[in-house]
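None of these values were measured; they are calculated from a predicted model. Position 1 is the first residue of the sequence, and the numbers go up from there.
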Amino acid sequence: MITHFARLQLNTVSLQGVKQFYHDLLRFPIIYESNNEIRFLPTESFTLAFKEAAEPIAPAHFAFEVPYSEFENVVKWIDKERISLLKWTDGRIVDVFETGKNVYFRDGDGNLLEIITHNYVKEGILPPCGPLKILYLRETGFPVDSVIQFRELLVRILNLKLDKVSDNFTFAIGGTAHAVIPSKTRKWIPIAMSALPPTMNVSFGVTNSIFIEEVKTCLQEEDIIYESNGDDELYFKIHEYSFGLCMTNFPEEVPSLLNLPLSRLK
């Protein structure tokens, strides 16, 4: 089964700009750096990577989960570092919804970052990392032409579960990983930013090689080409998006221990 987002790789027009924002400002540790790539380790189990590309950037959307008890402190820290938080049309910065709160800001490439918290997520299971107190990458956005077609493929191939299902928006969930699937005609809140498909590689952490073999079988049934690196890694594309599966040490029971609704122990 899928447990979490293990890696997200995006394009950038400036490695130096990325380094200044994510390392100097957000304090993400650097684990690799070359003349065309940089990789950060926001948490022990997630890598955020950027490759320099001389081409236009379609901004991505991704969200980090933080502890509910730390959310206000995180927002104060962001404000202290003079990171511009985005406003809703009514002027508010913090959005409060039924189960939590969130704020948004952007990096130098226009990527839309979100800090989100939920009152049902149990604390003390994962360590909060860095000044942003990040627990894990919760969301990555996948704008598509057909939400229905894309989500059905994710369910058939990756055995993801669906939530907040509509014709133009859906969550496809595996463990702590929430793939946000909006129609390209549905703009990203809170600033009505066009939902363009970003160039990105998304890798999910999985619990065992049996699941990887099951996914291979599903890919063959869908006539989707894939590449494998032994029994521990698998790479493929679904529509315009590049995916990977990799074996990690992320404990299978963590999503249930966190009390995530679709992972609660029966």
Side-chain angles (χ1 to χ4, degrees), residues 1-10 43-49 60 62-63 65 121 125-126 135-166 169-182 197-266:
M1 62 173 284
I2 287 173
T3 54
H4 68 297
F5 286 119
R7 189 172 189 265
L8 172 62
Q9 179 185 298
L10 300 169
T43 76
E44 296 175 357
S45 57
F46 170 67
T47 300
L48 178 63
F62 50 101
E65 182 80 22
V121 174
I125 306 301
L126 292 174
L135 297 174
Y136 55 89
L137 181 70
R138 177 184 169 95
E139 300 174 8
T140 300
F142 298 85
V144 293
D145 290 314
S146 172
V147 171
I148 296 172
Q149 185 182 47
F150 190 75
R151 75 186 181 212
E152 288 178 351
L153 275 172
L154 293 187
V155 170
R156 291 200 300 270
I157 295 171
L158 299 175
N159 196 30
L160 299 184
K161 301 174 183 178
L162 302 182
D163 191 26
K164 300 188 183 301
V165 177
S166 69
F169 185 90
T170 300
F171 283 114
I173 303 168
T176 61
H178 291 56
V180 186
I181 311 170
T199 300
M200 62 182 185
N201 290 271
V202 178
S203 290
F204 294 105
V206 301
T207 52
N208 54 58
S209 58
I210 296 174
F211 180 79
I212 291 179
E213 290 301 318
E214 291 172 348
V215 172
K216 285 181 183 179
T217 299
C218 293
L219 292 170
Q220 291 168 0
E221 292 173 351
E222 299 288 343
D223 291 324
I224 296 175
I225 298 172
Y226 63 84
E227 296 181 3
S228 60
N229 184 7
D231 297 328
D232 297 341
E233 296 181 12
L234 181 67
Y235 302 96
F236 54 93
K237 291 192 73 170
I238 300 178
H239 294 190
E240 61 259 73
Y241 294 110
S242 297
F243 289 95
L245 302 180
C246 58
M247 292 277 293
T248 73
N249 294 322
F250 193 86
E252 181 178 354
E253 65 272 17
V254 163
S256 295
L257 294 175
L258 288 170
N259 195 39
L260 302 187
L262 295 183
S263 298
R264 288 171 182 155
L265 293 171
K266 298 294 190 279

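The aromatic rings of Tyr241 and Phe150 lie perpendicular to each other, with more than 60° between the two planes, well past the 30° mark.
Distance check, rounded to the nearest 0.5 Å: CZ of Phe204 to CZ of Phe5 gives 5.0 Å. Taking NE2 of His178 as the reference point, atom CD of Glu139 lies at 7.0 Å (rounded to 0.5 Å). Rounding to the nearest 0.5 angstrom, the gap separating the CD atom in Glu227 from the CG atom in Leu234 is 9.5 Å. Distance OG1/Thr199 to CD/Gln9: 10.5 Å, rounded to 0.5 Å. Note: Ile212 CD1 to Cys246 SG = 7.5 Å, rounded to the nearest 0.5 Å. Note that CG of Asp231 and CG of Asn208 are 11.0 Å apart. Values are rounded to the nearest 0.5 Å.
Here the shortest heavy-atom pairing between Leu257 and Ile125 reads O-CG1, 3.7 Å. Residues Ser242 and Asn201 come closest through the heavy atom pair CB-OD1, 3.0 Å. Residues Gly244 and Tyr235 come closest through the heavy atom pair CA-CD2, 3.8 Å. Between Gly205 and Ala6, the shortest heavy-atom distance links the atoms N-CB, 3.8 Å. Closest approach of Gly230 to Lys216, counting heavy atoms only: O-NZ, 4.2 Å. Closest approach of Leu135 to Leu126, counting heavy atoms only: CD2-O, 3.4 Å.
Residues Arg156 and Glu221 form no side-chain contact, since every pair of their non-hydrogen atoms from C-beta on lies 4.5 Å or further apart. The shortest side-chain heavy-atom distance between Tyr136 and His4 does not fall under the 4.5 Å cut-off. When side chains are defined from C-beta on, Leu245 does not count as touching Glu233, because their heavy atoms never get closer than 4.5 Å. Residues Ile173 and Leu160 are not in side-chain contact: their nearest non-hydrogen atoms beyond the backbone lie 4.5 Å or more apart. The side-chain heavy atoms of Met200 and Leu8, taken from C-beta on, include a pair separated by under 4.5 Å. The shortest side-chain heavy-atom distance between Gln220 and Tyr226 falls under the 4.5 Å cut-off. Here the side chains of Phe142 and Val202 are in contact, with some heavy-atom distance below 4.5 Å. The shortest side-chain heavy-atom distance between Ile181 and Leu154 falls under the 4.5 Å cut-off.
Here the side chain of Thr3 pairs no donor or acceptor atom with the backbone of Thr176 at under 3.5 angstrom.
Within 6.0 Å of the CD atom in Glu240, the count of heavy atoms belonging to other residues, nucleotides or ligands exceeds 12.
Residues in residues 198-207 take part in no salt bridge (charged side-chain N to carboxylate O under 4.0 Å, His left out) pair, two or more places apart or across chains.
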**Request:** Check step by step if side-chain contact (heavy atoms from CB on, under 4.5 Å) holds for Ile157 and Ile224.
**Result:** CA-CA 10 Å; Ile157 295 171; Ile224 296 175; 3.6 Å; yes
**Asked** Going through the checks in order, is the side-chain contact (heavy atoms from CB on, under 4.5 Å) test met by Leu153 and His239?
**Response** CA-CA 10 Å; Leu153 275 172; His239 294 190; 3.6 Å; yes
**Request:** Could you give me the CA-CA distance, side-chain angles and deciding distance for Phe46 and Phe62, then say whether ring pair (Phe, Tyr, Trp, His ring centres under 6.0 Å) is met?
**Result:** CA-CA 13 Å; Phe46 170 67; Phe62 50 101; 7.9 Å; no
